Amino acid sequence: MPWPTPTPLATPRLHLEPLRVGHAREAFVFLDDTRLHTWTGGAPDTLPELEARYARQVVGESPDGARGWLNWLLRRRADGRLVGTVQATLSRTPGGGTEGMVAWVTGAAYQGEGYAREGARAMAGWLRAEGVSPLVAYVRPGHQASMAVARGLGLSPSDVVVDGEVRWSGA
């Protein structure tokens, strides 16, 4: 069974655009910021690395086909500026369903304005309409902003910790 293909979505303040390789140069402006790696570690991609990653992701699935990849860029309606990303990694569950592991990133200059929550809610609604359930997220303990986004999606923390991140889940 093929994975769903992301479609454009809209909220009152955002356009969610399915990822294109051409987004890399524009997204690089807000992603090239070490503050975004405070909770996740690592360092920002260079522009060529980001372009290569986007080229892999727009295919829509892992090389072996075991996981579906859905990515959207968050474009602010007011001024057309990219402010963040939301994504879902899909996998088949033993019962024949599809689980969606969701994540979000908001540029440091745009944090605290609710864009991650708004974009993640739009994505989650679309995923649920596509039959993706459960939704899960992995959040570092103490990352209050991401915990608020997860709660806004109806997710709850579990006792499961993977690579230092708590698994949040919900139907």
Side-chain angles (χ1 to χ4, degrees), residues 3-33 35-40 42 44-45 50 53-62 67-91 98-140 143-156 165-171:
W3 298 108
T5 301
T7 60
L9 304 172
T11 71
R13 298 185 303 155
L14 300 169
H15 289 292
L16 282 73
E17 300 176 4
L19 178 69
R20 293 177 286 104
V21 175
H23 280 125
R25 187 168 299 281
E26 188 178 4
F28 183 75
V29 172
F30 74 85
L31 292 174
D32 185 28
D33 189 328
R35 293 174 293 179
L36 297 179
H37 296 270
T38 301
W39 295 98
T40 60
D45 286 339
L50 186 61
R53 180 160 51 98
Y54 282 9
R56 289 188 304 274
Q57 290 174 330
V58 297
V59 172
E61 65 181 22
S62 59
R67 303 218 184 287
W69 295 336
L70 306 174
N71 297 270
W72 289 264
L73 276 287
L74 307 179
R75 187 175 300 280
R76 192 165 52 189
R77 286 176 171 229
D79 60 8
R81 190 169 296 215
L82 289 183
V83 298
T85 69
V86 292
Q87 65 185 47
T89 300
L90 308 182
S91 59
T98 303
E99 177 183 273
M101 182 174 61
V102 296
W104 44 85
V105 173
T106 304
Y110 312 110
Q111 292 178 3
E113 298 184 40
Y115 296 128
R117 181 180 298 197
E118 190 173 328
R121 279 185 177 168
M123 173 185 63
W126 184 88
L127 290 167
R128 289 175 174 132
E130 290 289 317
V132 176
S133 180
L135 297 182
V136 302
Y138 289 86
V139 178
R140 289 257 180 229
H143 194 316
Q144 298 299 323
S146 280
M147 289 190 287
V149 173
R151 271 190 224 93
L153 299 179
L155 307 182
S156 301
E165 294 182 321
V166 175
R167 179 183 167 99
W168 289 61
S169 61

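Treat the numbers as computed from the prediction; the structure is a model and nothing was measured.
Side-chain contact between Y54 and L73: present, with at least one pair of heavy atoms (C-beta onward) separated by less than 4.5 Å. Between V136 and L155 there is no side-chain heavy-atom pair separated by less than 4.5 Å. Side-chain contact between R151 and W168 is present, with heavy atoms from C-beta onward closer than 4.5 Å. For the pair P44 and L31, the minimum side-chain heavy-atom distance is 4.5 Å or more. Between L82 and V29 the shortest side-chain heavy-atom distance does not fall below 4.5 Å. A heavy-atom distance below 4.5 Å is found between the side chains of L90 and P4. By the 4.5 Å heavy-atom criterion applied to side chains, H15 and P8 are not counted as neighbours. Taking 4.5 Å as the limit, every side-chain heavy atom of L127 sits out of range of all side-chain heavy atoms of E130.
Atom CG of residue L16 and atom CG of residue N71 lie 11.5 Å apart, to the nearest 0.5 angstrom. Separating the CH2 atom in W3 from the CZ atom in R67 is a distance of 8.0 Å, to the nearest 0.5 Å. Separation of atoms OG1 (T85) and OH (Y115) is listed at 15.0 Å; rounding is to 0.5 Å. Annotation: the span from E118 atom CD to L14 atom CG amounts to 4.5 Å, rounded to 0.5 Å. Atoms CE and CG, from M123 and L153 in turn, are 7.0 Å apart once rounded to the nearest 0.5 Å. Summarising the geometry, atom CD belonging to E61 is positioned 11.0 Å from atom CG belonging to L70; distances are rounded to the nearest 0.5 Å.
Using a distance-only test at 3.5 Å, with no hydrogens or angles considered, a donor-acceptor pair links the side chain of R77 to the main chain of T11. In this structure, W72 contributes its side chain and A120 its backbone to no donor-acceptor pair below 3.5 Å. When atom types are taken as modelled, the side chain of R121 and the backbone of G152 share a donor-acceptor pair closer than 3.5 angstrom. Under a 3.5 Å cut-off, the side chain of Q87 and the backbone N or O of A103 do not form any donor-acceptor pair.
W69 and R56 get closest at one heavy-atom pair: CZ3-O, 3.3 Å. Nearest heavy-atom pair, G170 versus P134, reported as atom, atom and distance to 0.1 Å: O-CB, 3.4 Å. For the pair L50 and A24, the tightest heavy-atom approach, listed with the atom from each and the gap, is CD2-O, 3.4 Å. The minimum heavy-atom distance linking H37 with G42 is given by the pair CB-O, 3.6 Å. Considering every non-hydrogen atom in both A88 and V102, the closest pair reads CB-CG1, 4.2 Å.
Around atom CZ of R53, more than 12 heavy atoms belonging to other residues, nucleotides or ligands sit under 6.0 Å away.
Taking the charged nitrogens against the carboxylate oxygens, R167 and E99 do have a contact shorter than 4.0 Å, which makes a salt bridge.
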Discussion item. As a quick check of understanding, evaluate side chain to side chain contact (heavy atoms under 4.5 Å, CB included) for L36 and Q111, giving each step before the final call.
Written reply: CA-CA 10 Å; L36 297 179; Q111 292 178 3; 3.5 Å; yes
Practice prompt. Would you please test L135 and R128 for side chain to side chain contact (heavy atoms under 4.5 Å, CB included) and show each step?
Written response: CA-CA 8 Å; L135 297 182; R128 289 175 174 132; 3.5 Å; yes
